[in-house]
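Worth knowing before you read on, the calculation uses all heavy atoms, side chains too, and leaves out hydrogens, waters and symmetry mates. By convention here, the first residue in the shown sequence is residue 1.
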Amino acid sequence: MSRCCVHASAHQSSPPLALLAAHNKKHLLLEKPAALDVGELDQILHACQSNGVQFMTGSMWLHHPRTAKLKDFISDSKLFGRINYIHSSSTLPGTKEFLENNIRVKPDLDALGALGDLGWYCIEAILWAKDYQLPTIVTALPDVTKNSAGVILSFTASIQWESLDQTVANIHCSFLSHTSMDLSISASNGTVRCNDYIIPYAENCSSFEFTSGAKFAELHIGWSVVPEEVRVVSQLPQEALMVQELSRLAEGIREFGYPPDKKWPQISRNTQLVLDAVKKSIDLGYEPVTVLF
């Protein structure tokens with residue numbers, strides 16, 4: 001990791017330090033939100049590409065083996081079917097100290113607030129479920145709470161893909177509610193639910209629930225099947241797996257002349273595009289916003 005740079009400070013300092021690191025041939029693991037908007041992110045991604053270094057955002061949950069197992073289930077067209085609806089939420093109960101002094105509620109440090117911090121995970125999760133296919137329309141709901149400085153503390157948004165796709169997603173993020181990290185995906189033949197998708201309840205073992213082919217029992221007094229718990233063991237914490245993946249990619253670039261993996265920058269860019277659309281919808285008074293590619 002000697003040629004890697006991990007940046008996890010307030011957003012205000014992120015872009016200049018990220019650009020400096022890229023220009024000095026350092027691979028980047030950047031705290032989310034990666035940028036205030038996609039224009040700012042594109043500058044960082046261009047610098048990484050031009051200097052042949054790897055870019056990655058610090059979304060540790062994507063590196064957990066449970067995430068790969070979840071993807072296997074929802075990719076099974078017979079068992080799971082076509083995705084219709086996705087719900088993703090991330091909330092935490094901000095203390096008085098947090099709501100007054102944390103960098104996430106300061107407009108000059110992390111101006112996007114709950115949208116940039118918790119919303120990054122939720123947007124990323126719904127895109128992950130759709131193989132990172134961008135939606136077409138994003139609409140913030142009029143339940144947004146901001147602090148006196150105008151930083152978002154809580155919000156909800158509806159996300160739609162093109163009409164032929166028929167997938168709708170809903171995300172909710174808040175610094176004002178009890179801790180939750182829920183992901184639920186419903187399809188034509190099955191449903192998966194995970195209540196700790198960002199940070200597992202336990203470091204070495206995690207799970208999710210899967211139901212397929214469920215119907216009501218006779219006289220509607222129960223269900224024909226009960227959810228199956230799928231347990232996944234992890235030998236390393238997801239944070240270590242994330243750093244391990246960055247190190248592997250960096251070694252490939254250094255030792256074998258491989259190009260940087262385009263997967264991780266594209267995931268971050270698509271996430272930023274949807275995040276920008278949510279922000280724009282809020283700024284426009286909760287009007288629907290078209291996601292610009």
Side-chain angles (χ1 to χ4, degrees), residues 11-12 14-15 30-46 57 59 62 82-91 104-105 107 110-147 149-177 182-186 198 264-293:
H11 170 268
Q12 184 188 36
S14 264
L30 199 62
E31 175 65 296
K32 44 80 194 151
L36 283 180
D37 55 50
V38 75
E40 192 173 77
L41 177 59
D42 279 345
Q43 293 181 44
I44 298 172
L45 297 183
H46 177 72
T57 307
S59 296
L62 290 174
R82 179 176 54 81
I83 293 176
N84 307 117
Y85 177 72
I86 310 165
H87 169 77
S88 178
S89 68
S90 180
T91 62
R104 295 168 182 84
V105 298
D110 256 340
L112 295 173
L115 173 58
D117 184 43
L118 307 178
W120 186 274
Y121 291 126
C122 290
I123 292 168
E124 193 173 56
I126 64 167
L127 292 175
W128 166 85
K130 293 288 292 178
D131 293 327
Y132 302 103
Q133 175 190 351
L134 283 169
T136 51
I137 300 293
V138 170
T139 309
L141 304 188
D143 68 340
V144 176
T145 301
K146 298 181 180 181
N147 64 13
V151 176
I152 297 168
L153 302 179
S154 181
F155 76 94
T156 306
S158 174
I159 297 167
Q160 299 168 267
W161 280 259
E162 58 184 348
S163 57
L164 293 178
D165 186 287
Q166 297 182 340
T167 303
V168 176
N170 177 276
I171 63 172
H172 175 70
C173 304
S174 178
F175 291 147
L176 307 173
S177 300
D182 298 333
L183 178 62
S184 177
I185 307 170
S186 298
I198 302 172
W264 299 107
Q266 193 61 56
I267 289 173
S268 296
R269 192 174 194 277
N270 284 12
T271 302
Q272 187 77 53
L273 283 168
V274 178
L275 190 150
D276 288 0
V278 175
K279 177 67 164 56
K280 185 175 180 179
S281 179
I282 293 172
D283 292 344
L284 291 176
Y286 318 112
E287 291 292 322
V289 170
T290 300
V291 178
L292 300 175
F293 294 23

Pairing residues for Lys280 by the salt bridge (charged side-chain N to carboxylate O under 4.0 Å, His left out) criterion, not counting sequence neighbours = none
request  = Give the minimum heavy-atom separation between Ser177 and Thr91, together with the two atoms involved.
outcome  = CB-CB, 3.8 Å
request  = Say whether, by atom type as modelled, one donor and one acceptor occur between the side chain of Asn147 and the main chain of Ala149 under 3.5 angstrom.
outcome  = yes
key: Set of side chain to side chain contact (heavy atoms under 4.5 Å, CB included) partners for Cys122, sequence neighbours left out   = Ser88, Ser90, Ile171, Cys173, Tyr197
key: For the student: nearest non-hydrogen atoms of Ala277 and Val291, plus distance   = CB-CG2, 4.1 Å
ask   = Please, which pairs that meet side-chain hydrogen bond (donor to acceptor under 3.5 Å, both in side chains) have at least one residue in residues 283-293, sequence neighbours excluded?
value = Lys279-Asp283
request  = Taking Asp110 for its side chain and Gly113 for its backbone only, find out whether a donor-acceptor pair lies under 3.5 Å.
outcome  = no
request  = Please assess Leu183 against Trp128 for the test side chain to side chain contact (heavy atoms under 4.5 Å, CB included), listing each intermediate value before the final yes or no.
outcome  = CA-CA 11 Å; Leu183 178 62; Trp128 166 85; 4.1 Å; yes
key: side chain to side chain contact (heavy atoms under 4.5 Å, CB included) between Lys146 and Ile282, worked out   = CA-CA 11 Å; Lys146 298 181 180 181; Ile282 293 172; 4.1 Å; yes
note = Nearest heavy-atom approach of Leu153 to Ala114 is O-CB, 3.6 Å
remark   = Residues passing the side chain to side chain contact (heavy atoms under 4.5 Å, CB included) test with Asp165, sequence neighbours excluded, are Lys130, Gln133, Trp161, Glu162, Thr167
query = Taking only residues two or more places apart in sequence or in another chain, which ones pass side chain to side chain donor-acceptor pair (under 3.5 Å) with Asn270?
reply = Gln266
message = Between Thr156 and Asp143, is there a side-chain donor-acceptor contact under 3.5 Å, judged purely by atom types and distance?
response = yes
Reference residue Lys32; test side chain to side chain donor-acceptor pair (under 3.5 Å); the match among Asp117, Thr271, Thr57 = Asp117
query = Is there a side chain to side chain contact (heavy atoms under 4.5 Å, CB included) between Val168 and Ile159 once you walk through the steps?
reply = CA-CA 6 Å; Val168 176; Ile159 297 167; over 6 Å; no
request  = Check side chain to side chain contact (heavy atoms under 4.5 Å, CB included) between Thr139 and all other residues, then give those that pass, not counting sequence neighbours.
outcome  = Ile137, Ser281, Pro288
ask   = Within the side chain of Gln272, is there an N or O that forms a donor-acceptor pair under 3.5 Å with the backbone of Ser268?
value = no
task = Take Leu115 and Val278, measure what side chain to side chain contact (heavy atoms under 4.5 Å, CB included) needs, and give me the verdict at the end.
result = CA-CA 8 Å; Leu115 173 58; Val278 175; 3.8 Å; yes
task = Starting from the C-alpha separation in whole Å, work towards a yes-or-no answer on side-chain hydrogen bond (donor to acceptor under 3.5 Å, both in side chains) for Ser174 and Ser154.
result = CA-CA 4 Å; Ser174 178; Ser154 181; 3.2 Å; yes
